[in-house]
Amino acid sequence: MIEENFDDINITLFLDRLNKNIYHNYNFEKTVELNQVIKVDQQESIAGRVLLKRTLGNLIFMNISDMNGNLQISIDRSSFENFDDLSNNIQLGDIIGISGITYLTKSGELTLRANKCVPLRKALIPMPDKHAGLQDINLKQRYRYLDLIYDHSQRKKIQARQLIMQSIREFLSDYIEVETPILQNIASGAAATPFSTHHNALDTELFLRIAPELYLKQLLVAGYNRVYEMNKCFRNEGIDTTHLQEFTMLECYTTYISYEKLQDLTVNLLQFICEKISSIQEVKYNYKNIERISYVDLLARYNINYFEINENNIRDIALSHNIDVNIYKSYQSLLDAIYKKCCINNIVDPILVYDYPRHPLSVPKDNNFSYQFQIILKGQEIIKSYLELNDPCIQYENFRQQLDVLNTGDTDAVRMDTNFIKALLYGMPPAGGFGMGIDRVATILTDSDNIRDTLLFPLMKW
RNA sequence: GAACAAUUAGCUCAGCAGGUAGAGCAAAUGACUCUUAAUCAUUAGGUCCUGGGUUCGAUUCCCAGAUUGUUCACCA
């Protein structure tokens, strides 16, 4: 037995509205979008939601709105035998279709004078305040569809996000966009805690991917030279203003590319995105000249000498920067904490930092560093890139070392994926790849306080 | 995970040093043919988030819980 729970909907609210005509009209065809009505003396048909209504006896003005724009329409008694029905039944929030001829009102506003008015669907629940809309952040996120009707700054954030994704696809037009599995047997490719689930038919535990990386590299083995994926990844970790449990990641791979060209590629992409975004809003960051600096030099800029740090003094150095040394288990994570606290947090304009300490999936440069770089913007790592490790023996050994980390109880390590090792054994061409968190870029470029502002429907507990 | 804050009419918000709550918008009724959040008059609308406690009496004070937010911590 399935029971629906409507407890949170106050039925008495819409009894009033149920007494009105519930419209069932499905054949109205509009001729233009609301923002395409620009000239007088045009016969047009438009449709949308009634957001404002002013009744002046025998004349009604309404403002019709949707995501494309808004338009004032007028209905006068002399044009309609059923004027009283229309006047009485159309309420704020209803969706109506209007045909008529455009004209300028006495105050000069372009208006569609209706000679046909077809109510299309009634709003049975009263709409939010016609001016203020939703203000409660809880309600704004929970009922985003209402929020988007009223909050134009929220619309703009969503629009910017869409433009970012669109411009990425445009920039990568000579790459092939692919889809790789989201449900995976092993969630590898990054160091994070995955969501797990169960597949009934196969009776097996599955994980939601934390990164598409290892599958995309298998496509390099297959012979794809330029490939990318932009889609959801999932990490079962804390939620805050810069982290989501479900986020959109771009990962892009290019074979036979040099370290320097890889840097150029990511810088050009970021600049391309910023240019596109600046067509709809100001970009506050100096993205035109992006400085490139090595990891060691960046540390030095903040008075930290990388080569003087060792196992013996790192805890003292961390303590001197007010870092809680008990939280970080390994030398690497402690070093990373120092780097973030002392350097990253101070960065505002985009900067490219290269030659990071060794990473289990990247090509090592020497004993300390790998061919890895990141682009930092407003204190956040928005692009992470490296030359891809394609030596199966070193890769296997790196996975083995990560297993040791996992065995210490730390759940955040890159998990062993022997299928990936097998693919590497067949030979993966040299390649460079990068990843970019779309949500974070959108958050920063739209000047949002919370990463959830860039989502249509952020996760809520119901 | 911790601290702090918020939750009052459908929405936006007042208010109550402890005595059963108000406004604007929305809705209903009426007036009005050029309004721009139209205006004017009248009406109706409440589990003051939930559960305990203190009290003659709790929306208000205390405790616990729920949801949401912010900060910190964790997580690239």
Side-chain angles (χ1 to χ4, degrees), chain A residues 8-20 50-63 70 72-79 83 87-88 91-93 103-111 113 123-143 146-147 149-150 190-194 210-211 233 235-245 247 249 322-324 326-329 332-333 336-337 339-341 344 356 359 372 374 376 379-384 410-414 435-437 440 449-450 452 458 460-462:
Chain A
D8 63 333
I9 298 177
N10 185 349
I11 302 292
T12 59
L13 265 182
F14 57 81
L15 284 181
D16 281 348
R17 289 180 174 242
L18 283 170
N19 289 331
K20 305 287 185 184
V50 178
L51 288 191
L52 295 172
K53 179 186 175 192
R54 298 172 289 281
T55 308
L56 296 82
N58 296 316
L59 177 67
I60 306 170
F61 288 102
M62 292 188 226
N63 291 69
N70 59 76
Q72 175 168 272
I73 62 110
S74 68
I75 298 173
D76 57 275
R77 182 182 290 278
S78 58
S79 305
F83 180 84
S87 176
N88 184 41
Q91 295 176 297
L92 294 193
Y103 73 109
L104 289 180
T105 61
K106 285 179 182 173
S107 57
E109 178 160 346
L110 184 64
T111 301
R113 177 183 282 124
L124 290 175
I125 296 181
M127 300 296 283
D129 187 287
K130 66 185 181 187
H131 185 58
L134 293 180
Q135 293 293 329
D136 185 319
I137 295 171
N138 185 5
L139 297 182
K140 282 168 75 73
Q141 297 189 3
R142 223 169 263 281
Y143 304 104
L146 287 178
D147 188 32
I149 291 172
Y150 295 94
T193 309
I210 55 176
C233 293
R235 296 185 184 180
N236 202 346
E237 290 167 349
I239 300 173
D240 63 29
T241 53
T242 60
H243 292 80
L244 294 166
Q245 60 292 315
F247 62 100
M249 178 137 83
N322 293 321
I323 291 166
D324 184 353
N326 296 318
I327 293 166
Y328 300 96
K329 296 180 176 101
Q332 278 303 328
S333 60
D336 201 43
Y339 161 72
K340 278 179 184 164
K341 177 130 190 185
I344 295 294
Y356 271 77
H359 174 277
Q372 184 196 165
Q374 298 187 357
I376 316 293
Q380 293 188 53
E381 302 155 352
I382 58 162
I383 290 178
K384 176 176 177 176
D410 193 340
T411 56
D412 292 312
V414 183
M436 180 168 124
R440 284 188 178 179
D449 295 327
N450 193 323
R452 294 156 71 84
M460 305 295 286
K461 196 168 178 181
W462 289 84

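To find a chain, count down the sequence lines: A is the first, B the second, and so on, and within it residues start at 1.
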S.K.: If the C1' atom of B/A14 is compared with that of B/A21, how far apart are they to the nearest Å?
M.R.: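 Pairwise C1' distance, B/A14 against B/A21, rounds to 11 Å.
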S.K.: In Watson-Crick or G-U wobble terms, both distances under 3.5 Å, what is the partner of B/U67?
M.R.: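 Partner of B/U67: B/A6.
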S.K.: Taking atom C1' of B/U68 as reference, at what distance in whole Å does atom CD of A/Q135 sit?
M.R.: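 Answer to the nearest Å: 15 Å.
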S.K.: Using Watson-Crick or G-U wobble geometry with both distances below 3.5 Å, tell me the partner of B/U36, or none.
M.R.: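 Base partner found: none.
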S.K.: Find the partner of B/G24: check Watson-Crick (N1-N3 plus N6-O4 or O6-N4) and G-U wobble (N1-O2, O6-N3) distances, both under 3.5 Å, and reply none if neither fits.
M.R.: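 Its partner is B/C11.
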S.K.: Write down the distance separating the P atoms in B/A23 and B/G45, rounded off to the nearest Å.
M.R.: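 13 Å, rounded to whole Å.
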S.K.: To the nearest angstrom, how far is A/D240 atom CG from B/A3 atom P?
M.R.: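 It works out to 18 Å between those atoms.
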S.K.: May I have the distance from A/K140 (atom NZ) to B/G69 (atom C1'), rounded to whole angstrom?
M.R.: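 Distance, rounded to whole Å: 13 Å.
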S.K.: Applying a 3.5 Å limit to both distances, which nucleotide forms a Watson-Crick or G-U wobble pair with B/A73?
M.R.: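 Its partner is none (no Watson-Crick or G-U wobble pair with both distances under 3.5 Å).
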S.K.: Which value, in whole Å, describes the distance between the C1' atoms of nucleotides B/A64 and B/G24?
M.R.: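 Going atom to atom, C1' in each nucleotide, I get 36 Å.
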S.K.: In whole Å, measure the gap between the C1' atoms of B/C13 and B/A17 for me.
M.R.: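 Here B/C13 and B/A17 have their C1' atoms 22 Å from each other.
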S.K.: Which whole number of Å gives the distance between the P atom of B/G10 and that of B/A27?
M.R.: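 My reading of the P atoms in B/G10 and B/A27 gives 15 Å.
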S.K.: How close or far is atom C1' of B/U7 from atom CG of A/L134, stated in whole angstroms?
M.R.: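 For the pair A/L134 CG and B/U7 C1', the rounded distance is 15 Å.
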S.K.: Paired with B/G18: which nucleotide, if any, by Watson-Crick or G-U wobble criteria at under 3.5 Å for both distances?
M.R.: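 Matched B/G18 with nothing under the 3.5 Å cut-off.
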S.K.: Just how far, in rounded Å, is P of B/C49 from CG of A/D136?
M.R.: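 Answer to the nearest Å: 13 Å.
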S.K.: Between A/R113 and A/D336, name the one whose nearest nucleotide on RNA chain B is closer to the 5' end.
M.R.: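 Closer to the 5' end of RNA chain B: A/R113.
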S.K.: For the base of B/U35, is there a side-chain donor-acceptor partner from A/E109 under 3.5 Å away?
M.R.: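 There is none.
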S.K.: Rounded to the Å, how far apart are A/I60 CD1 and B/U39 P?
M.R.: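 Checked: the CD1 to P distance equals 16 Å.
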S.K.: So what's B/G45 paired with, Watson-Crick or G-U wobble, going by both distances under 3.5 Å?
M.R.: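 WC or wobble partner does not exist here.
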S.K.: Please give, in whole Å, the distance from B/U68 P to A/D449 CG?
M.R.: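 After rounding, the gap between these two atoms is 19 Å.
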S.K.: Whom does B/C61 pair with, Watson-Crick or G-U wobble, provided both distances fall under 3.5 Å?
M.R.: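 Check on B/C61: paired to B/G53, both distances under 3.5 Å.
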S.K.: Between A/N88 (CG) and B/C32 (P), how many Å, whole number?
M.R.: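 Interatomic distance, CG of A/N88 to P of B/C32: 15 Å.
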S.K.: Assign each of A/N450 and A/S107 to its nearest nucleotide of RNA chain B by heavy atoms, then name whichever residue's nucleotide is nearer the 5' end.
M.R.: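 Comparing both residues, the 5'-ward one is A/S107.
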S.K.: For the C1' atoms, the ones on B/A38 and on B/U33, what distance do you get once it is rounded to whole angstrom?
M.R.: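 Comparing C1' positions in B/A38 and B/U33 gives a spacing of 13 Å.
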